Number of protein chains: 4
Amino acid sequence: MEFRDHQAIYVQIADYVCEQVLLGQWPADEKIPSVRDLGVLLQVNPNTVMRSYEWLQQRDVIYNKRGIGFFVSPQARAHILEYRREVFLEQELPVVLRNLILYDIPLEELTRRYDACRRDLSPPPQP
Amino acid sequence: MEFRDHQAIYVQIADYVCEQVLLGQWPADEKIPSVRDLGVLLQVNPNTVMRSYEWLQQRDVIYNKRGIGFFVSPQARAHILEYRREVFLEQELPVVLRNLILYDIPLEELTRRYDACRRDLSPPPQP
Amino acid sequence: MEFRDHQAIYVQIADYVCEQVLLGQWPADEKIPSVRDLGVLLQVNPNTVMRSYEWLQQRDVIYNKRGIGFFVSPQARAHILEYRREVFLEQELPVVLRNLILYDIPLEELTRRYDACRRDLSPPPQP
Amino acid sequence: MEFRDHQAIYVQIADYVCEQVLLGQWPADEKIPSVRDLGVLLQVNPNTVMRSYEWLQQRDVIYNKRGIGFFVSPQARAHILEYRREVFLEQELPVVLRNLILYDIPLEELTRRYDACRRDLSPPPQP
DNA sequence: GTGGTCTAGACCACC
DNA sequence: GTGGTCTAGACCACA
């Protein structure tokens, strides 16, 4: 995983976790890597991972069993979709569309890239 | 104008200026609002506005006549397109497309919003 | 039994045992559930139950017969009252009272709930 | 301000801020101390104060103006009451009442302390 | 000046 | 082993 430097690392880690859930890679009640392990894996400080996990926990994407670790919340998928879709559709997308038009990027270009991107993402398994 | 709080205010102001240029509202060599005026108008520290103007000036979108004010640069349109299109297509769009797919937003929804947005922007109001 | 997650599980187990004693459910010298049984019952690591029992043993609430199990200590009631009353009155209650007032909860509300709670506790069910 | 050692410092700081708001000491839209200032004042690390402020910000008790500082949110009072009262009445109070009865503390003792506590807290000014 | 992020390292409680 | 908290200190962007 490589980090974009204009966005906080802990946000990118949280996004990564959400993505794993949406893609069906991490099912409900599955244990996710410990803050230390993920810290080592991603080459970041455990505190930074911890911050991501706190953020996710507050949003009911993961939960904690004392002394054991963090687990994917059963409602994770729903919560992510509910929260992120809303923000995305109402706040991010309008800006993007506006730019598409201002920069004169034709719709065909967009659909072409959309299809390419769809092919890249393996279809999420139905639970 | 209301600001999104996840982005620096000076960036949002700069974006606003670029938009006016692309939309043809501010033709080449037209004087743009003074730092002070815009500061009052947007309820923002003049230093912040100044920072936007400096940023735009470095990218040849506006130029300065000492003691008079800032003006839209003749090459403004070209520079904006050249710089922003690149960044947008290569960096922002991929993330957006990925999200579109993860959040299961169908292409039809996208084109619908695209068209709506186009209708909103197309007719420049005559002041 | 469901656990509050802001408090250590072993403390909650210890509290539960104390409560049984105070309520007269577990008389002096009665055998209490084994570490293993209670662990299974509460879905908790036996080590955690063991920790509660050790904690209680140090405070003379229970005692241990090697190879047989843990038993309610004859002085259990007295020890619990002596220790907990003090802590409760001097440390916990002041905070609670302060909150009652800050949140504008009238005394009547308090006495109402007090009486309701008393009714719930008073009649010890005969098994 | 002296800290209780069984509770996280950042929670106690957050509680302190809430208390100031409920007592009417910090009106809406008033600037609260900067993380650095409060850190010096309370003899704790600015990061710790920051953590309190983040916590409060997420719960709409305070808000942030970029580069300026944190301010009391207009809905602060309402949010605190709504959130804390609920938790207090449904989770904390039942435990306390249960203990009152188990430790045989008479209601008169409680009301006596309640009145004393009320006298200590200066009556909140009506905004 | 303000907040925001990150690191390194420590210590603790809990399971 | 797990998370949770705190410190000290650094660097950055922003107003």
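Letters A, B, ... mirror the listed sequences (proteins, then strands); counts begin at 1. Here the structure is a predicted model, which means the values were calculated and not measured.
For A:R51, taking side-chain heavy atoms from C-beta onward, the closest of the listed nucleotides E:dT5, E:dG4, F:dG3 is E:dT5. Comparing atom distances between the A:D37 side chain and each of F:dT2, E:dG4, E:dC14 picks out F:dT2 as nearest.
A ring pair (Phe, Tyr, Trp, His ring centres under 6.0 Å) with B:F70 holds for exactly one of B:W26, B:Y53, B:Y63; it is B:Y53.
In a base pair of the Watson-Crick type (N1 to N3 plus N6-O4 or O6-N4) or a G-U wobble (N1-O2 and O6-N3), with each distance short of 3.5 Å, F:dC14 is matched with E:dG1.
Between A:R36 and F:dT2 there is a side-chain N or O to OP1 or OP2 distance below 4.0 Å. Under 4.0 angstrom from either OP1 or OP2 of E:dC15 there lies at least one side-chain N or O belonging to A:R66. In terms of phosphate contacts, D:T48 brings no side-chain nitrogen or oxygen within less than 4.0 Å of OP1 or OP2 of F:dC6.
Nearer to the 5' terminus of DNA chain E, by closest-nucleotide assignment, is the contact made by D:E54 (compared with the other of D:E54 and A:I68). When each of A:Q43 and D:Q57 is assigned the nucleotide of DNA chain E with its nearest heavy atom, D:Q57 is the one assigned upstream, toward the 5' end.
Two residues are said to be in side-chain contact when any heavy atoms from C-beta on lie closer than 4.5 Å; D:L22 and D:L81 meet this criterion. Contact of the D:R51 side chain with the A:E54 side chain is registered, since non-hydrogen atoms from C-beta on lie closer than 4.5 Å.
Nucleotide E:dC12 holds its P atom 14 Å from the OH atom of C:Y10, rounded to whole Å. The nearest whole Å value for the distance from the NZ atom in D:K31 to the P atom in E:dG1 is 12 Å. A straight line from CD1 of A:I9 to C1' of F:dC12 spans 13 Å, rounded to a whole angstrom. Here E:dG9 presents its C1' atom at 9 Å from CG of A:N45, a figure rounded to the nearest Å. In this structure, A:Q12 atom CD and E:dT5 atom P are separated by 12 Å, rounded to whole Å. Rounding to whole angstrom units, CZ of residue A:F71 and P of E:dC15 are separated by 13 Å. Distance A:I62 CD1 to F:dT2 P: 15 Å, rounded to the nearest Å. Put simply, CE on B:M50 is 19 Å from P on F:dA13, counting in whole angstrom units.
One N or O donor and one acceptor, one from the side chain of D:N47 and one from the base of F:dG9, sit under 3.5 Å apart.
A:Y53 comes within contact range of no nucleotide atom at all, as no heavy-atom separation falls under 4.0 Å.
Comment: D:R84 does not engage D:E19 in a salt bridge, judged by the lack of any side-chain N to carboxylate O separation of less than 4.0 angstrom.
What you find for C:V61 and C:A76 is that their closest heavy atoms are O-CB, 3.4 Å.
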